[in-house]
Q: 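Once you've had a glance at the structure underneath, I'll fire off some questions.
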Amino acid sequence: MPALSSTMTEGKIVEWLKQPGDRVERGESVLVVESDKADMDVEAFQEGFLAAVLMQAGGTAPVGETIGLIVESEAEIAAAQAGAPSAPAPAAAPAPPEPVAPAAPVAVAPAAAPAAVAAATLPVAAATAAGNGRVVATPRARKLASQLGVTLAALKGSGPHGRIQAEDVERAAGQPASVPRVAEGSAPFIAAGAPSAAGASASAAASASAAPAGQSFGRPGETVAFTTLQGAVNRNMLASLAVPCFHVGYTITTDRLDAFYKQVKNKGVTMTALLAKAVGVVLARHPQVNAAASEAGMVYPATVNVAIAVAMDDGGLVTPVLKEADRTDLYSLSRNWADLVARSRTKQLKPDEYSTGTFTLSNLGMFGVDRFDAILPPGTGAILAVAASRPTVVANADGSIAVKRQMQVNLTADHRVIYGAHGAAFLKDLADLIEHRPESLAL
Amino acid sequence: MNPLLDAIRFEPPAPVEFAQAWHWQQQLRERLLNNPAAPEALLLLQHPPCYTLGRGASTAFLRFDPQAPPAPLHRIDRGGEVTHHLPGQLVLYPVLDLQRHGADLHCYLRALEGVVITVLAELGLAGERIEGLTGVWLEGRKLAAIGVGARRWISQHGLALNVNCDLAGFEAIVPCGLKGLAVARLSDWCPGITPAQVQPLLSRACAEAFGLTLRPPEPTERLWGC
């Protein structure tokens with residue numbers, strides 16, 4: 001599934017212009033993909049034969065998913081079909097939807113569950129599917145269904161909005177459900193960890209685009225479909241459930257930081273940039289907290305890239321990245337941030353600008369929040385939730401009482417990479433920098 | 001800032017049958033496919049009454065028998081659901097090489113909305129986008145419909161802006177498949193406004209949005225004899 005835009009995470013196959021077995025020339029259109037109100041003809045990059053269609057017309061696949069196989073010679077078609085489990089037997093492949101199909105209640109024939117025992121099950125599957133719209137299943141579930149000979153249309157999905165998951169198929173086939181997999185296609189697309197389930201989060205820099213009351217995406221009584229972006233964020237959040245996270249908090253006195261901010265504010269420095277810089281500088285000294293878990297082991301990124309969660313007014317959130325936050329000067333960081341936020345609102349960020357964070361900041365301080373938990377974005381080891389700085393009565397070490405401005409920060413970390421002691425040492429250094437040497441951030 | 005791109009503006013003097021305009025777009029696209037340095041083009045015109053369906057559109061949104069439509073019905077190579085064209089509605093069909101404009105179909109859709117919003121702003125109106133839906137609204141009523149198609153990043157189809165057309169024909173369909181969202185026309189806010197007045201605003205806003213220098217066709221570039 002090709003990406004037709006930087007914000008696209010999945011696409012719908014409107015039509016296969018070629019059928020399995022057909023010859024395709026280089027540059028010839030093979031299928032049509034739709035995303036939003038835009039259609040794109042997708043062409044073959046090489047000549048050969050379309051050996052197998054892995055996702056039928058009407059189906060939706062995440063960007064990057066294999067949807068069909070092209071082989072070089074006619075002789076390889078059979079081999080490719082045998083190796084492609086969900087390719088329906090050519091003889092049983094449902095006819096492609098007619099370009100004009102007035103009789104069909106749904107314009108595009110729903111993806112009939114690709115079934116291994118095709119001839120017998122296909123008509124049944126198609127009938128059920130046509131009755132209630134379409135079969136919604138993850139690509140992995142589809143693949144498994146064809147391998148195990150399970151008819152998807154007969155299943156009740158346990159996923160979001162009844163989506164059929166791989167586990168559902170395994171259960172239906174009488175197999176023990178395997179360990180839940182991280183959501184498919186968690187591709188490096190939008191690395192977004194959502195701080196608040198309420199969706200009322202906002203960026204530090206977005207000095208409140210002042211929603212008059214609580215935001216809502218629908219009216220009472222309605223059910224509103226997730227936007228593509230919201231869907232992408234949902235997938236990333238679900239992925240975090242497979243990560244052993246823990247939280248560690250710290251209270252940081254900000255009087256000195258606030259005073260310094262007042263001095264540099266008129267030079268265009270923002271609090272977001274100050275916090276990103278502070279976090280970046282401390283991360284450079286705590287590479288363990290900048291690391292992430294992967295199958296190969298602990299990944300230590302070459303640079304410190306601080307991503308910051310920004311809620312979109314229209315739902316979902318993105319995490320624009322301040323690259324090399326430890327080495328970039330405060331003024332450039334402030335300018336870069338303003339530019340990133342402006343372009344994220346017009347959805348013009350390049351993948352490189354929102355998916356390369358090595359550590360994430362989420363700030364709800366502007367709402368006066370006193371503490372919160374953030375969800376870990378996939379592919380990173382930690383995210384820091386920053387709450388409001390508020391005047392607090394504090395007992396000093398010498399027993400005197402004072403009023404100081406304090407904020408709570410709360411680190412969510414992947415325990416596979418970052419242990420309690422690592423997180424605590426990082427927070428101690430961060431507090432030390434903010435409490436005693438905020439001026440050094442301007443150096 | 002990109003240097004301005006050469007683009008041809010085609011403005012047929014009278015309403016053009018849908019099939020004819022579609023054919024012109026295909027011709028213009030072929031030119032761009034065969035010669036990557038070829039100029040881009042804008043078609044600005046009106047259609048006689050007709051209905052069009054996107055390639056994946058559902059006939060469930062037709063309130064008539066597709067075998068016996070009240071006006072010609074075309075299924076065409078764009079995204080989106082059913083829409084209605086008729087005189088008094090301006091359509092803008094940019095045939096652009098989107099690789100010169102960021103190669104991002106969603107950005108392109110947002111840019112087309114931006115073109116309409118710019119035109120409305122010049123008329124003192126504040127057009128709105130609705131998240132998740134493509135198009136431009138005024139006070140909750142849909143004023144402009146958008147649907148595009150692309151092959152090798154060459155765009156076809158585009159936007160339709162209701163200026164002073166009769167809205168009765170929209171009752172035969174669920175426009176863009178959106179139940180309960182009303183359709184509107186510009187003349188409801190600007191009494192007496194005509195397509196001829198809006199046309200130059202639309203072509204200028206489009207040229208600005210995509211960084212185009214518009215010019216009339218050279219004799220060899222003409223689509224129709226005149």
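Note that the structure is predicted; figures quoted are calculated from it, not measured. Order of the sequence lines sets the chain letters (A, B, ...), proteins ahead of strands, with each chain counted from 1. Only heavy atoms go into these numbers, but all of them, side chains included; no hydrogens, no water, no symmetry mates.
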Q: Just wondering, are more than 12 heavy atoms of other shown residues or ligands nearer than 6.0 Å to CD in B:Glu17?
A: no
Q: In Å, rounded to the nearest 0.5 Å, how long is the span from CG of A:Asp41 to CH2 of B:Trp153?
A: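 Output value for this atom pair is 12.0 Å.
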Q: I'd like to check B:Glu131 versus A:Thr227 (side-chain heavy atoms, cut-off strictly below 4.5 Å). Are they in contact?
A: yes
Q: Got a sec: does the CZ of A:Phe226 have more than 12 other heavy atoms crowding it under 6.0 Å?
A: no
Q: About how many Å separate CG of B:Leu105 and CD of A:Glu34, when rounded to the nearest 0.5 Å?
A: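 It is 11.0 Å, given to the nearest 0.5 Å.
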Q: Chain B heavy atoms under 4.5 Å from A:Ser29: which part of the residue, side chain, backbone, both or neither?
A: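 Contact with chain B is through the side chain of A:Ser29 alone.
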Q: Among residues 144-152 of chain B, which ones touch chain A with a heavy-atom distance under 4.5 Å?
A: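 Within residues 144-152 of chain B, the residues under 4.5 Å from chain A are B:Ile146, B:Gly147, B:Val148, B:Gly149, B:Ala150, B:Arg151, B:Arg152.
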Q: On a heavy-atom basis, which atom in A:Asp39 and which in B:Arg78 lie closest, and how many Å separate them?
A: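 In terms of heavy atoms, the two residues are closest at OD2-O, 2.8 Å.
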Q: Heavy atoms only: give me the nearest B:Gly80-A:Lys37 pair and the separation to one decimal.
A: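 In terms of heavy atoms, the two residues are closest at CA-CD, 3.5 Å.
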Q: Please determine which of B:Leu109, B:Asp104, B:Leu98 meets the side chain to side chain contact (heavy atoms under 4.5 Å, CB included) test together with A:Ser5.
A: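 Output: one option passes, namely B:Asp104.
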Q: Taking all heavy atoms of A:Gln348 and all of B:Cys107, pick out the closest pair and write down the distance.
A: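 Where A:Gln348 meets B:Cys107 most closely, the heavy atoms are CG-SG, 4.0 Å.
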